[in-house]
Every structure is written in structure tokens, then in C-alpha cells.
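So you know, we letter chains A, B, ... as the sequences are listed, proteins then strands, and number each from 1. Quick note: numbers below take in every heavy atom, side chains included, and nothing from hydrogens, waters or symmetry partners.
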Amino acid sequence: MRPFVYERPTSVSTAIAMASRPDAVHVPPTGADTQFIVGGTNLADYMKLGVARPERLLDLNTLAEPALRQIRIDDDKIRFGALVRMGEAADNNDVRRRCPVLADSLKFAASGQLRNMASLGGNVLQRTRCEYFREISWPCNKREPGSGCAAMEGSNRQHAVLGTSDACIATYHGDFAQALVALDATVDVEGPRGRRTLTFAKLHKRPGETPDIETDLAADELITAIEVPLAQWSSRSRYLKIRDRESYAFALASAAVALDMDGETVRSARIALGGVATVPWRAREAEDVLQGKVLDEATAQEAAEAAFADARPREHNAFKIPLGKRTLVRALLETRDMKG
Amino acid sequence: MNQAAPAPRENQGDPVVRIDARLKVTGQAGYPADIVTANVAYGALATSSIARGKVSELHTKDANAVPGVLDIVTYGDLDKTDMPKFGNTGASSIGPLHDKTVFHDGQIIALVVAETFEAAEEAAMLVRADYEDERPSASFDSKGVKMEPAAGKSPMFKEDAKAGDFDAAWADATVKIDEKYSTPTQHHNPIELFSTTAIWQGDQLTIHEPSQNVTGWKVELARQLKLDPANVRIVSPYIGGAFGSKGPMTARTAIVAVAARRIGRPVRCVVNRMQAFGTQTYRAETRHRIRMGAGKDGRITAFGHEAWEVTSRPDPYVVGGTSATARMYDYGSVLTHVSLVHADRNTPGYMRSPPETPYVYALENAMDEMAVALGMDPVEFRRINEPEKEPIGGKPFSSRSLIKCYDQASEAFGWSKRDPRVGSMRDGDWLVGMGCATAIYPTAAAPCAARVRLTADGEVRVQCGSHEIGTGVRTIAGQMAAERLGVGMDKISVEMGDSALPPAPVSGGSISTASVCSAVMKACDAIREKLFAAAAGKGAPLAGSANAKLDLKDEEVVTETGKSAKLADVFKAMQVGAIEEYAEFAPKGSSPEALRKLYAGQSEFHGGENDEDSVKYAFGAEFVEVRINSYTREIRVPRMVGAFAAGRIMNTRTARSQLIGGMIWGIGQALHEATEIDQRHARYVNRDLQDYLVPVNADIKQVDVILVPEIDHQVNPAGVKGLGELGNVGTAAAVASAVYHATGKRIRDLPIRIDDLIG
Ligand SMILES: Cc1cc2nc3c(=O)[nH]c(=O)nc-3n(C[C@H](O)[C@H](O)[C@H](O)COP(=O)(O)OP(=O)(O)OC[C@H]3O[C@@H](n4cnc5c(N)ncnc54)[C@H](O)[C@@H]3O)c2cc1C
Ligand code: SF4
């Protein structure tokens with residue numbers, strides 16, 4: 001690991017001032033000299049592997065603002081401070097009762113030890129686990145723009161089938177983000193140029209030709225909170241995660257589903273897919289299929305077909321298409337059978 | 001007694017608690033990389049990023065510029081040492097710094113030594129190489145691999161087993177199956193990382209490194225470094241998981257020793273998880289073709305097992321499990337052939353039941369397929385083909401309790417409730433499947449020495465250069481001494497894992513309990529004789545008693561008639577404070593040089609199929625239930641039952657623990673473990689525990705072990721069959737058979753994953 005300077009800012013404003021740089025909007029946070037760290041479960045790992053090489057770390061754990069550590073539940077929304085630990089949010093009974101998909105997407109992620117360390121802000125920003133990205137001797141457009149993509153013709157069982165490009169097929173592996181993107185969450189961001197709120201769906205960028213640019217954040221911007229609106233569909237919601245190993249593993253395919261039902265008929269559906277796409281993946285085509293229909297095996301199947309209509313497999317990951325579809329069908333039927 | 005400590009049945013020892021249990025769970029057991037030593041410097045490896053070619057230039061300038069870097073050991077620096085050798089004690093003949101040729105991905109190109117671990121790691125990452133690279137051959141199907149027959153390439157695999165006229169029997173068989181199976185590359189991934197700490201004091205070299213063969217390594221390292229073996233000491237008191245990976249010494253040990261000599265300071269090198277994939281051994285990838293012919297009555301008439309195994313370019317590592325599969329059932333005729341496929345890979349090596357795990361997987365799958373083809377219950381099918389004698393040499397089995405194992409396991413599992421029709425059992429959205437398979441492991445032993453001391457106070461010290469790799473051998477050796485010398489376990493101390501102790505064989509092949517216990521028993525018996533002679537001597541406390549009728553109990557010499565003399569009094573009569581005996585054990589059939597070879601670090605194995613009088617194996621039967629989601633097809637294993645018979649069970653607690661560990665390992669084999677190889681570059685891709693999955697506690701539900709009583713006086717004086725490698729044989733086949741029962745899909749290539757079932 002290369003030597004770095006470690007600092008502990010005590011407020012959001014000092015943190016962003018310390019990270020501030022004139023060209024910040026043109027620099028992806030992952031390529032900046034100064035980077036934020038919270039649980040370190042993703043960043044420290046990549047520093048050890050030589051993938052991330054910050055010169056200076058700003059530890060956000062010392063920020064004084066209490067809201068950063070709070071979960072606030074109102075009638076119409078849940079607001080998570082960025083420093084709230086995954087474990088705390090997963091175990092919060094009110095979160096579970098009001099919106100099970102949020103709690104489950106966290107509960108089925110990582111392990112108990114990791115959930116106790118990892119923050120929600122860091123969680124949504126976790127970087128891909130593509131094996132070729134993690135090992136610096138391989139060519140990788142995300143790590144070294146223009147060097148090529150070793151996964152494209154290599155071992156790509158875990159790679160994405162949706163949202164890929166000719167430059168990169170790396171999966172976005174996070175679980176919580178699937179729930180957030182399905183529920184139209186928003187993200188509060190603070191930087192030297194002020195505060196802004198963006199929809200969660202805008203936070204991550206598809207790889208396109210620049211897979212090194214992963215998010216909409218500037219190098220000196222900080223996530224302060226994530227807000228999830230609550231509505232008719234929140235309580236009838238579910239996260240289904242299919243993985244190789246039951247205890248803990250990243251998703252081969254997952255589905256975050258929330259349903260607003262009128263008897264047997266879907267008033268509206270929110271669907272996101274994990275493990276199969278390059279970014280948190282809202283499956284709007286599938287939602288459209290279901291709207292106003294009776295939800296049964298056949299319509300669920302139709303929705304799944306729509307969700308994967310544009311899927312593009314590589315040599316080892318074609319199984320993710322049938323698996324992704326069945327995961328969605330099962331998630332839809334199980335969510336339908338929940339009490340509204 | 002509780003589940004972890006089964007009540008001993010006939011010929012089974014008490015579930016004595018491990019003598020190092022508390023030390024381990026409280027973090028007080030000192031593993032080799034924990035040893036505190038003054039002024040230590042840290043080493044980190046730089047490894048190749050190509051699998052075949054030459055290093056044309058090595059750039060070390062940036063690495064040298066990292067503050068704290070002390071030295072970089074690389075090409076030329078090992079010239080005064082001898083090349084490693086491939087064999088029992090050496091993992092590979094590749095001497096990575098002797099020669100700029102690159103034989104495989106992740107080959108050592110330099111060792112960076114620095115003041116801190118962090119500086120060493122950072123600098124190692126900055127070592128860059130220019131290569132003249134050539135297109136590598138990754139595996140079986142790659143262009144440029146070289147194939148050759150395996151027979152005769154390894155002293156442990158002399159010939160392909162054969163019996164009768166296979167061709168004729170195959171042609172005549174009424175029911176036939178002809179199928180292919182495969183098992184992937186697997187890495188041991190012990191939780192304790194690989195490490196070497198080298199400390200020189202003048203000409204004397206001490207190596208702290210997790211090792212399953214301290215005596216062998218001492219001699220081999222001395223050879224490489226051109227030292228007198230008396231000046232080399234290997235210390236490895238605790239080992240945090242080995243599974244064979246710490247059996248043969250790798251090239252790193254000598255490199256770290258050279259580094260320590262160059263800088264005149266101790267050097268510690270802990271290899272990171274990723275680099276272990278290329279610098280250690282692994283389980284070779286195997287392919288199998290099995291032809292099995294049977295009559296309508298269910299009797300097998302023809303068994304053909306051909307296999308192919310990947311190895312490195314220079315070293316003929318042979319897995320060779322046909323020696324066990326060919327002797328499993330009453331086949332009528334047998335034809336086997338094993339081929340080696342040399343590719344641009346590091347040299348594979350021993351991994352828990354090296355031959356049996358992959359080969360029996362293929363055989364037991366075929367057995368299940370044949371049972372289906374015959375419309376026969378798989379347990380019944382095995383019963384019908386139970387042999388009187390082993391089919392290759394016609395020798396009897398020293399003991400064989402396989403059918404007892406099947407009876408007891410199937411009863412406990414509830415096999416009779418299984419509906420044999422495929423896909424017929426269901427629980428809501430979950431398909432239920434049940435399967436079974438046989439476990440087999442050869443029983444061997446090797447020469448071993450031990451020293452035992454008994455003091456007048458009843459304190460016993462056992463010394464033996466064997467290795468506590470987690471199996472409990474230290475406890476069991478102590479139990480043997482406690483039993484023979486009539487003292488409580490609280491009076492026992494056992495020293496192991498040091499080449500300065502009396503030599504023991506490599507802790508591999510499940511020979512340790514048999515070999516160590518036989519040696520300890522012999523030393524104890526010599527002490528007993530001295531004590532008895534003294535106790536029964538003229539004027540002594542039990543004067544006039546016959547030696548043969550005496551025993552030791554509760555720190556007393558006791559007679560059959562109930563007379564007794566305190567140990568302390570016997571010692572007083574002898575006018576000594578302690579009796580110490582050094583004993584050498586050599587199994588029956590050992591060569592005249594066997595004991596000399598023990599001191600030279602070579603283990604001569606006896607047993608298995610090689611003895612004159614009989615073949616010696618331990619057996620087991622495993623039953624598995626799987627559940628497979630009808631939509632998403634993930635496979636879960638809610639329960640398993642295994643029944644095993646392995647001669648005298650020294651300690652039911654440690655035996656059960658080995659067997660459940662094995663069965664859990666078997667779930668890993670069946671469902672998870674596989675090292676992925678980038679076929680273009682012959683490089684390992686999933687080199688960490690994030691992508692190389694193994695089952696963890698939370699994955700395991702119910703695992704029941706039945707220890708079936710068995711008495712076998714032929715195997716060795718202790719009557720013990722090894723069982724450390726028995727539990728994971730057959731498990732994967734039982735899972736595959738359960739998956740077939742649930743889904744109708746026969747998955748012949750491991751691991752079995754959603755990919756195979758989703759289509
Ligand atoms: C073995 C293992 C298994 C895992 N399994 C799963 C899984 O199944 N599902 C899953 O979803 N995740 C999984 N994870 C990922 C884990 O959830 C993330 O590593 C974790 O959530 C990251 O949080 P952190 O606080 O540790 O982030 P850090 O590592 O500290 O930071 C991650 C990134 O976020 C940035 N960052 C952090 N906070 C902020 C902020 N407030 N504003 C701006 N930037 C910020 C950092 O600069 C860094 O780039 C796993 C991780 C491991 C190691
Ligand atoms: S898929 Fe993306 S992250 Fe992986 S190697 Fe290709 S470019 Fe790099």
C-alpha cells in the first residue's frame with residue numbers, strides 16, 4: 001500500500017474545503033488525490049490491491065453533524081444520514097416495517113462484521129468487484145482508461161448483461177442501491193459549490209466509453225443523506241437475492257420489488273434488478289407491462305421478458321438472463337403474496 | 001456427552017478435550033508468523049504476470065526508492081544455492097530465481113525486503129518486469145499441451161490397475177454407461193496464510209513456517225542452501241489449516257533464508273492471499289471417462305476408468321486415484337489408464353484426499369447412474385457389488401465395514417422414506433432430492449520416532465516431530481501416553497512441530513494418528529516394563545508379582561489382585577527421578593532402510609493397497625438431502641448423515657470433528673470451490689476469498705456423524721485407521737446424486753451451480 005496522509009475533518013464544511021480543487025467537476029472522485037473514507041471496507045481493500053492510490057484520506061467518521069448518523073422516519077419518507085452503518089439500518093424495526101425492501105437489501109448484503117463497519121454513503125458508492133479490475137496487471141478501461149477490457153473475452157461469469165458497453169461490462173454489485181433506485185430515492189450532496197439533491201437514478205453512470213467515470217459526483221462532493229419517499233407500495237416490498245453461497249456472497253441476480261395493488265391488480269409496480277447490470281437498474285419496461293394487470297405467473301413472466309429484452313450476454317454469463325428473469329418472477333409473486 | 005463429544009462405542013476412546021483448545025480460542029497459541037523476534041525485516045514477493053516466456057529485464061529502481069527498502073533478492077542472488085527438487089518434500093523443481101524462464105502465472109520474480117510490511121508490499125508492487133512472452137497453454141483443451149501416460153512417473157503411481165478381460169466383459173454387458181466427469185482446479189486457501197520467518201545465528205538457521213513435514217524440510221532446505229542439516233531447524237508448533245498445502249516445501253523458504261543472510265537480520269515474509277494461488281500447490285484439474293457394464297441382476301462385470309490430469313511443464317505430479325476406484329467394488333473386470341497433461345501452470349500438489357476426492361467423485365456418480373439405469377436402489381446396488389476380496393490383487397481387506405456404514409447411515413437419514421422417482425419430492429417451491437455415496441481412504445502408516453518421559457510425580461512429556469495441523473494429533477498422542485502410563489490428561493504435555501524433536505513422517509495421507517500413536521505407545525511400553533520390573537523386584541513394593549500381570553492406573557502400579565504401589569514409591573525404590581524412553585516405530589513390511597530414511601526426512605508409507613497380506617482402507621457412507629428452488633434453482637443442503645468405520649477411534653470428539661469438517665468440505669467441492677483460469681493467458685482469475693467460495697458456518701445446517709465400531713488388528717499396533725481425509729470423499733457425488741433426484745439433471749462437471757440448472 002502506498003503511503004498516504006490521513007486526516008480527520010470535524011465538519012462537513014471543512015471536509016469539502018479540504019477536498020476542494022478548481023478542476024473538481026472534471027475529476028472522478030475515485031481518481032482524485034484526496035478521497036473520503038468511512039468504513040474503508042471497499043476503499044482500503046482497493047488501496048491494498050493498488051487499484052486505488054489516494055495520497056490523502058479524509059476520514060468522515062469524525063464529522064460532528066448528528067444528522068449524518070441518524071435515521072429519521074416520517075409519515076412520507078425515511079431519511080438516512082450518510083454515516084449510518086448498514087447494520088443499523090438493516091436492524092431498524094421501523095425501517096423493516098415501513099419498507100421491508102430497504103431492510104432486506106441491507107440484511108442480505110455482506111456479512112455481520114462488514115455491515116457493522118460499512119456506511120450507507122460508502123455502500124452506494126462501492127466499486128465493482130470485476131476480477132480484472134481488482135488485479136492491476138490486467139488491462140482494464142475502468143482502472144486505466146484506454147487500456148482495454150480483459151473481461152470482455154475472459155472469465156466473465158459474474159459480469160453484467162444489462163447496461164454494458166464495448167468498453168466495460170462490470171457489474172454494479174451493491175444491493176441497497178437496487179432498493180433505492182426502485183423507490184425513487186434522492187441523494188443530498190454537498191460540495192464547495194453548494195448543496196444539491198439528485199435522484200438516486202442519476203447518481204451512477206453507465207460505463208459507455210468512459211467506464212472510469214462511475215458517478216455524477218465531483219471529486220470534492222460529499223453525500224450527506226439519502227431520502228426514500230414512502231407511499232402505498234412501500235410496505236408491500238421485497239428484496240430477493242440469488243447467490244452461489246447462502247450465507248454471504250454478491251448477487252448473481254437480485255430483484256427489488258414494491259407493489260401498489262388494487263386487489264389482484266397492479267396499480268403500480270417498482271422494480272430494480274441487481275447482479276445483472278452495470279449500474280443500479282430500474283426495470284421500467286417491466287413496470288409498464290404490469291401496470292393495470294392482474295399479477296400472476298404469466299404477467300410476471302411477461303414483465304421479466306420485457307426487463308431482459310435488451311440483455312447482452314458474454315461467454316460465461318448467459319445464465320444470468322434466465323436466472324434474472326426467474327428471480328424477478330419469483331420476487332413479483334412473493335411480493336404479491338405479502339400483506340399490503 | 002453431547003453432540004460434539006459422542007459417547008464412545010466399542011473400541012472407541014473418550015472424547016477428551018483438545019489440550020490446546022483454550023490456547024487457540026484465546027489467541028495464545030503462537031502460529032509461526034506470530035513468533036516475536038528482535039529486529040525483524042519484512043519481505044514481500046513480486047510475481048510474474050505472464051504464464052510462459054522469459055523475464056528479459058527486471059526494473060527495481062522504483063522499488064528501491066521506496067523509503068525503508070533494505071534489499072531486493074532476485075535473479076543471480078540464488079546462484080550459490082541448489083535448485084529445488086520436486087518430490088515428497090519439494091513442491092516443484094522450478095527454481096524461480098535460478099532461471100529467468102517463466103513457467104506459470106504468479107511465479108516469484110523478486111523478494112523485496114524492507115523495514116516495514118507496508119513498505120515491502122508497496123515496493124514489491126513497483127517491481128516491474130519486461131517479458132519475452134509466449135502463448136501459454138492453460139489447460140486440457142489448450143494448444144501446445146503435452147500428454148503422457150502417468151504410470152511410472154511417480155513412485156506412488158507405478159502402474160495402471162487392471163484385472164480380467166475388460167473388453168470382452170464390456171462387449172457382453174447388458175446394461176452399460178459410458179460417461180465423462182470433471183473436477184476443477186482448487187486451492188486449499190487455509191485461513192492461516194503462508195509465511196516464512198528466517199533467523200540466522202552464525203551458521204545456524206531457524207525457519208518458522210507452517211509445515212506438515214519439519215524433518216523433510218530441514219533436510220531439503222539444508223541441501224538447497226548447502227548446509228549441514230544439523231544446522232537447520234524448522235519450527236511449526238501450530239498450523240492454521242494446511243490440507244496438504246503445507247506438506248511440500250516451496251521455493252520461497254530458501255529465498256527468504258538467503259535474504260536474511262544477505263541483510264544480516266531476521267526476515268519474515270507473509271504471502272498475501274492472491275500470491276498464494278501461484279506460489280503454492282493446488283488440486284489438479286481432472287477429467288474422467290467411466291465405462292461400467294452390468295448384468296440385469298445388478299452385478300458389475302466391467303469397470304473402465306480413464307482419467308486425465310493437468311500438471312506443470314516440468315513436474316509429473318500424479319493424482320492417480322484409480323488405485324482406489326479400481327478396488328472399491330466387485331467389478332469382474334477392470335481397465336484403468338491415467339494420463340498427465342503438461343501445461344503452463346504451477347505444479348499441483350496434495351490436497352485433502354488428493355487421489356480419492358476427484359476420482360471417487362467420478363466413480364460414485366457412475367454408480368448412481370448405473371443404479372438408475374438398472375432401476376435399482378443405489379444402496380442395494382452397492383450391497384450387491386460388495387467384494388469378498390479386492391479385485392486387482394485378490395487380497396483380502398484387513399477389515400471392511402462399508403455395508404454396516406450404509407445400514408447405520410441410511411437408517412439415521414431415513415432413506416426408506418425417499419421416493420425414488422425423479423422430481424417426486426417437493427416442499428412448497430423447493431424440490432427435494434436425496435443421494436448417497438461411498439467414502440474410502442487408504443490406511444497407511446510410516447516410520448516415526450517419539451520420546452516419552454515420566455517423572456516420579458506422574459508428569460508426562462511426549463516429544464514427537466509430528467504436526468498439529470488442527471486434527472488433534474497432539475491431544476491423541478497425549479491420550480495414548482495417559483492411557484498407557486495411567487495418569488490424567490492434566491499431567492500430560494506434548495511437544496510437536498519442531499525438527500529438533502524425534503523425527504516423524506510428513507503429516508499427510510492420514511497417517512499421523514497411526515504412526516505417532518504407535519511410536520508413543522512403544523516408548524510408553526518401554527517405560528512400563530522398567531517400572532514393572534522395579535515394582536516387582538526383590539524388596540520392592542509389589543515384590544513377587546508377575547510383570548505381565550501389572551498395569552498402571554491413577555499414578556499407581558496395580559496388580560490383578562488389587563494390590564497397588566504409588567508411582568512415587570516405585571521411583572523411590574529405583575532411585576531415579578524420571579524415566580525417559582526413545583522409541584522408533586516402523587510399520588510391518590518396512591524396508592531395512594526405512595528408519596534411516598526417517599532421519600533423512602523421507603517417509604516410507606506402508607499400507608493401502610501395497611501390503612502383502614491385505615489391503616487396508618477405511619470406509620464410510622454419506623447421505624445428503626438437497627433443496628433446489630423451483631424458480632431460481634439455487635441449491636441448499638439442509639442435512640447430511642455420514643457413517644464411518646476407521647478401526648480404533650482414539651477420541652470420538654476429534655474424530656467427529658474431522659469427519660464433519662470433511663463433509664462440509666465436500667459441500668464446498670460440490671457447490672462452490674473452483675479456481676477460474678483465464679484460458680487465453682493461463683492465469684488465475686478469482687484469487688481471493690471473495691470469489692473463491694467455501695462454505696462457512698452459516699451455510700451449514702445439520703451434519704450428523706456416526707462412528708461405526710470396527711476392530712482391526714492388522715493395520716498397525718495402535719489399530720487405528722486414519723480418518724482425516726475420509727469425510728470429504730464421496731460427498732460431492734452424494735450431492736450430485738441428490739441434485740439428479742430432485743431435478744432429473746445429471747451434472748457431471750464440478751462445481752454444480754445455478755448455471756447448470758437454470759437453462
Ligand atoms: C467481503 C465483502 C462482501 C461484500 N458483500 C456485499 C454484498 O453482498 N452486497 C453489498 O451491497 N455490498 C457488499 N460488500 C460491499 C460493502 O457493502 C461496501 O464495501 C461498503 O458498503 C462500503 O462502505 P464503507 O463505509 O466501508 O465505504 P468506504 O470503503 O469507506 O468507501 C467507499 C467509497 O465511497 C466513498 N465515500 C464513502 N462515503 C462517502 C460520502 N459520504 N460521500 C462521498 N463519498 C463517500 C469513498 O471515498 C470510497 O470511494 C461487500 C464487501 C466485502 C469486503
Ligand atoms: S469489465 Fe470493466 S472493470 Fe472489468 S476489466 Fe473490463 S473495463 Fe475493467
Side-chain angles (χ1 to χ4, degrees), chain A residues 1-4 45 47-50 53 110-112 129-132 134-138 150-151 153-158 173 240-250 252-255 297 300-301 304 315-334, chain B residues 47-50 66-68 105-106 116-119 121-126 128-129 272-274 429 629-637 667-668 671-672 674 676-681 683-688 690-691 693-701 751 753-759:
Chain A
M1 200 190 293
R2 110 167 141 169
F4 56 88
D45 190 14
M47 287 169 67
K48 283 191 239 165
L49 295 170
R53 297 180 70 81
S111 65
R129 326 292 291 196
C130 168
E131 298 98 333
Y132 296 97
R134 286 168 69 81
E135 219 289 32
I136 55 172
S137 62
W138 293 102
E153 308 296 333
S155 289
N156 44 37
R157 176 175 186 261
Q158 58 130 298
H173 291 281
L240 177 64
K241 180 175 177 181
I242 307 302
R243 40 190 165 171
D244 281 320
R245 178 174 63 184
E246 188 176 6
S247 61
Y248 96 98
F250 289 97
L252 293 170
S254 71
E297 188 108 32
Q301 186 64 39
E315 187 179 350
H316 306 112
N317 65 358
F319 77 99
K320 283 195 173 181
I321 298 176
L323 177 62
K325 289 180 192 168
R326 290 186 190 202
T327 304
L328 178 52
V329 169
R330 183 176 154 195
L332 283 167
L333 298 178
E334 287 180 0
Chain B
T47 57
S48 73
S49 59
I50 65 158
V66 171
D105 171 39
T116 63
F117 170 74
E118 289 76 12
E121 285 273 310
E122 171 68 3
M125 220 176 263
L126 294 173
R128 299 230 161 76
N272 65 42
R273 179 74 58 194
M274 277 188 158
D429 282 343
N629 187 275
S630 60
Y631 286 101
T632 40
R633 301 277 154 169
E634 68 269 36
I635 309 168
R636 303 294 176 236
V637 183
I667 297 185
L671 305 179
H672 303 303
E676 311 259 354
I677 297 141
D678 186 300
Q679 294 291 329
R680 303 162 299 175
H681 302 280
R683 298 189 63 192
Y684 298 129
V685 176
N686 56 339
R687 303 190 300 165
D688 55 36
Q690 167 201 300
D691 292 314
L693 299 185
V694 297
V696 302
N697 275 338
D699 294 294
I700 301 305
K701 306 292 178 300
R753 298 195 289 207
I754 291 180
D755 321 22
D756 304 308
L757 301 176
I758 197 81

Shorter than 4.5 Å, heavy atoms on both sides: which option in [options] has the most such pairs with chain A?
options	result
B:D688, B:N272, B:N686	B:D688
B:M274, B:E118, B:E676, B:H672	B:H672
B:D429, B:I700, B:D699, B:N629	B:D699

Quick check for you: among [options], which has the greatest number of heavy-atom pairs under 4.5 Å with chain B?
options	value
A:A249, A:G324, A:A150	A:A150
A:E153, A:R243, A:H316, A:Q158	A:E153
A:E131, A:R245, A:E135, A:K325	A:R245

Could you look at [X] and say if it's the side chain, the backbone, both or neither that has a heavy atom under 4.5 Å from chain A?
X	result
B:D691	side chain
B:N697	neither
B:Q679	neither
B:D756	neither
B:I758	both
B:I635	neither

With a 4.5 angstrom heavy-atom cut-off, which part of [X] approaches chain B: side chain, backbone, both or neither?
X	value
A:L323	both
A:K320	neither
A:E297	side chain
A:R129	both

A:R2 with B:E122: basic N within carboxylate O range, under 4.0 Å: no
Could you check whether any side-chain heavy atom of [X] comes within less than 4.5 Å of a side-chain heavy atom of [Y], counting everything from C-beta outward?
X	Y	value
B:D105	B:H681	no
B:D755	A:R157	yes
A:L252	A:F319	yes

Taking all non-hydrogen atoms of both residues into account, name the closest pair between [X] and [Y] and its distance.
X	Y	value
A:A151	A:C130	CB-SG, 4.3 Å
A:S155	B:I677	OG-O, 3.7 Å
A:A253	A:T327	CB-OG1, 3.7 Å

A:K241, A:R326, A:R330 screened by salt bridge (Lys or Arg N to Asp or Glu O under 4.0 Å) with B:E634, the one that passes: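 Among A:K241, A:R326, A:R330, the one meeting salt bridge (Lys or Arg N to Asp or Glu O under 4.0 Å) with B:E634 is A:R330.
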message: Pairing donors with acceptors under 3.5 angstrom, does anything connect the side chains of B:D678 and A:Y132?
response: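 Yes, A:Y132 and B:D678 have a side-chain donor paired with an acceptor closer than 3.5 Å.
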message: Tell me if the NZ atom of A:K48 is crowded by more than 12 foreign heavy atoms within 6.0 Å.
response: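 Atom NZ in A:K48 is not packed in, count stays at 12 or less.
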